[in-house]
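First the structure, in the form of structure tokens, and then the observations on it.
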Amino acid sequence: MSHKMRDLISLDSVSAAEIMAILDLAAQQKRDPESYLSRPVLRGKAVGLFFEKASLRTRLSFEVAVAQLGGTSIYVGQEAGRIGEREAIVDMAKSASRYLDAFVLRTFKDETIVEMARHATKPVINGLSDKQHPCQILADLQTIRERLGRIEKIKVAFIGDSNNVCRSLAHALPKFGSQLFVASPHGYTFAPGFVKSSGITQVAAPVDAVKDADVVYTDTWTSMGQENEAHKRRAMFQDYQINAALLSHAPKAIFMHCLPAHRGDECTDDVIDGPQSVVYDQAENRLHAQRALLTLLVS
Ligand code: CP
Ligand code: NVA
């Protein structure tokens with residue numbers, strides 16, 4: 001790495017070489033647990049997890065990763081209210097930096113994470129915001145590399161909501177010469193400016209996205225914080241379900257989902273439970289990718 005990465009706020013500002021360094025270490029630690037157990041780089045260190053939204057995978061994988069590296073994690077959940085409500089983010093960042101060695105944040109507003117990183121003197125990691133989910137995509141890239149042998153020059157089809165998970169895919173894939181084809185209903189697409197600057201391809205019909213794809217990816221139709229739109233969204237996204245008929249156009253592709261899945265909505269049981277699905281490998285790799293990330297950022 002040319003410079004030491006301090007935070008992980010967005011994959012937009014992380015280089016291909018930095019992503020590769022994380023993926024290489026993640027793969028090495030996955031193969032050889034002794035390599036980190038025998039040298040606990042977080043010994044005596046503490047990581048604060050500040051989550052404004054629910055979580056299974058992100059919370060557990062970070063807490064387990066911190067424990068495996070010899071550190072302590074402290075979880076502050078939704079009952080604490082939104083970050084910046086009780087006190088200014090600057091005061092929280094500067095106070096907590098005196099105890100913590102890293103912050104992991106799951107927030108509504110992306111700006112909350114940016115603001116925390118501006119004032120914290122310790123690394124800040126984005127554990128999902130309304131705009132991005134970079135840690136998810138690190139694990140996904142690790143999963144793709146395991147399954148396809150590479151992350152370069154592949155074609156990924158994303159069917160569904162152009163939201164946080166899809167945006168982080170759009171940040172990462174073009175760095176490796178890989179293509180992202182996105183099919184979203186009208187009103188749920190990225191702004192034209194983002195499509196153009198990121199180099200992704202927007203198509204109208206899901207079938208046009210999945211043709212010749214190496215990866216077929218989807219996410220929930222209704223993200224956390226959008227619950228009051230669930231009814232409308234279910235109607236709008238009906239033609240964007242990944243089912244056997246759609247997946248038959250990409251017989252060699254792997255099927256990916258960040259989870260939690262809404263079975264029967266964005267994907268059918270036979271797809272998520274079927275032979276093309278790698279969703280639990282993605283979930284497992286959250287642990288390996290984040291353990292590697294913490295090793296590089298905090299140690
Ligand atoms: N994929 C993911 O971030 O899962 P959680 O919401 O359970 O953390
Ligand atoms: N887009 C989803 C991802 C969950 C991991 C959400 O934000 O709720």
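Counting starts at 1 for both ligands and their atoms, following the listed order.
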* Asked: Which part of Thr58 is near ligand 2, with near meaning a heavy atom under 4.0 Å away: side chain, backbone, both or neither?
  ->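 Under 4.0 Å from ligand 2, Thr58 contributes no heavy atoms.
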* Which bit of Asn164 gets closer than 4.0 Å to ligand 2, counting heavy atoms only: side chain, backbone, both or neither? ->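 Side chain only.
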* Close-contact set for ligand 2 against Leu259 heavy atoms, below 4.0 Å ->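 Reading through ligand 2 atom by atom, the close ones are 5 (C).
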Backbone or side chain, does any N or O of [X] fall under 3.5 Å from an N or O of ligand 2?
X	answer
Lys53	no
Thr220	no
Met224	yes

* Does NZ or CZ of Arg167 come closer than 6.0 Å to the centre of the six-membered ring of Phe190, within 45° of the ring's axis? ->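 Because its charged atom misses either the 6.0 Å distance or the 45° angle limit, Arg167 does not stack over Phe190.
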* **Face-on cation placement of Arg59 at Phe51 ring, 6.0 Å and 45° thresholds** =>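 No; the conditions do not both hold, so Arg59 does not lie above the ring face of Phe51.
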Looking at [atom], what's its closest protein heavy atom, distance included?
atom	result
atom 4 (O) of ligand 1	Arg57 NE, 2.9 Å
atom 4 (C) of ligand 2	Leu128 CD1, 3.8 Å
atom 3 (C) of ligand 2	Asp219 OD1, 3.7 Å
atom 6 (O) of ligand 1	Arg106 NH1, 2.9 Å
atom 2 (C) of ligand 2	Ser223 OG, 3.4 Å

* Can you list the steps and then say if Phe237 with Tyr188 is a ring-ring contact (aromatic ring centres under 6.0 Å, His included)? -> CA-CA 9 Å; Phe237 281 83; Tyr188 299 89; 4.9 Å; yes
* Would you call Arg263 and Asp269 a salt bridge, using N to O less than 4.0 angstrom? ->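 Looking at Asp269 together with Arg263, the answer is yes, because their closest N to O distance falls below 4.0 Å.
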Within-shell test, [X] vs ligand 1, heavy atom, strictly < 4.0 Å:
X	result
His133	yes
Lys53	no
Leu259	yes

* Measure from the ring center of Tyr75 to the ring center of Phe50 and say whether it is less than 6.0 Å. =>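 No, ring centres 6.0 Å or more apart.
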* Of all the atoms in ligand 1, which lie at a distance below 4.0 Å from a heavy atom belonging to Cys258? ->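 Those atoms are 1 (N).
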* Asked: If you count the atoms of ligand 1 from 1 in the order shown, which ones are under 4.0 Å from a heavy atom of Arg286?
  ->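 Those qualifying, in numeric order: 1 (N), 2 (C), 3 (O).
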Establish, from distance only, whether the side-chain atoms of [X] and [Y] form a donor-acceptor pair under 3.5 Å.
X	Y	value
Lys30	Asn285	yes
Gln202	Thr189	no
Gln28	Ser35	yes
Thr295	Gln29	yes
Asp265	Gln241	no

* **Non-hydrogen atoms of Thr218 and Ile159 that approach each other most closely** =>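 Between these two residues, the closest heavy atoms are OG1-O, 2.8 Å.
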* Least distance between heavy atoms, Ile125 atom then Phe62 atom ->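 Heavy-atom minimum between the residues: CG2-CZ, 3.8 Å.
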Consider every N or O of [X] and every N or O of ligand 1, then say whether any pair is closer than 3.5 Å.
X	result
Leu56	yes
Arg59	no
Ala54	no

* Asked: Does ligand 2 have an atom under 4.0 Å from some heavy atom of Thr222?
  ->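 It does not, in that no heavy atom of Thr222 comes within the 4.0 Å cut-off of ligand 2.
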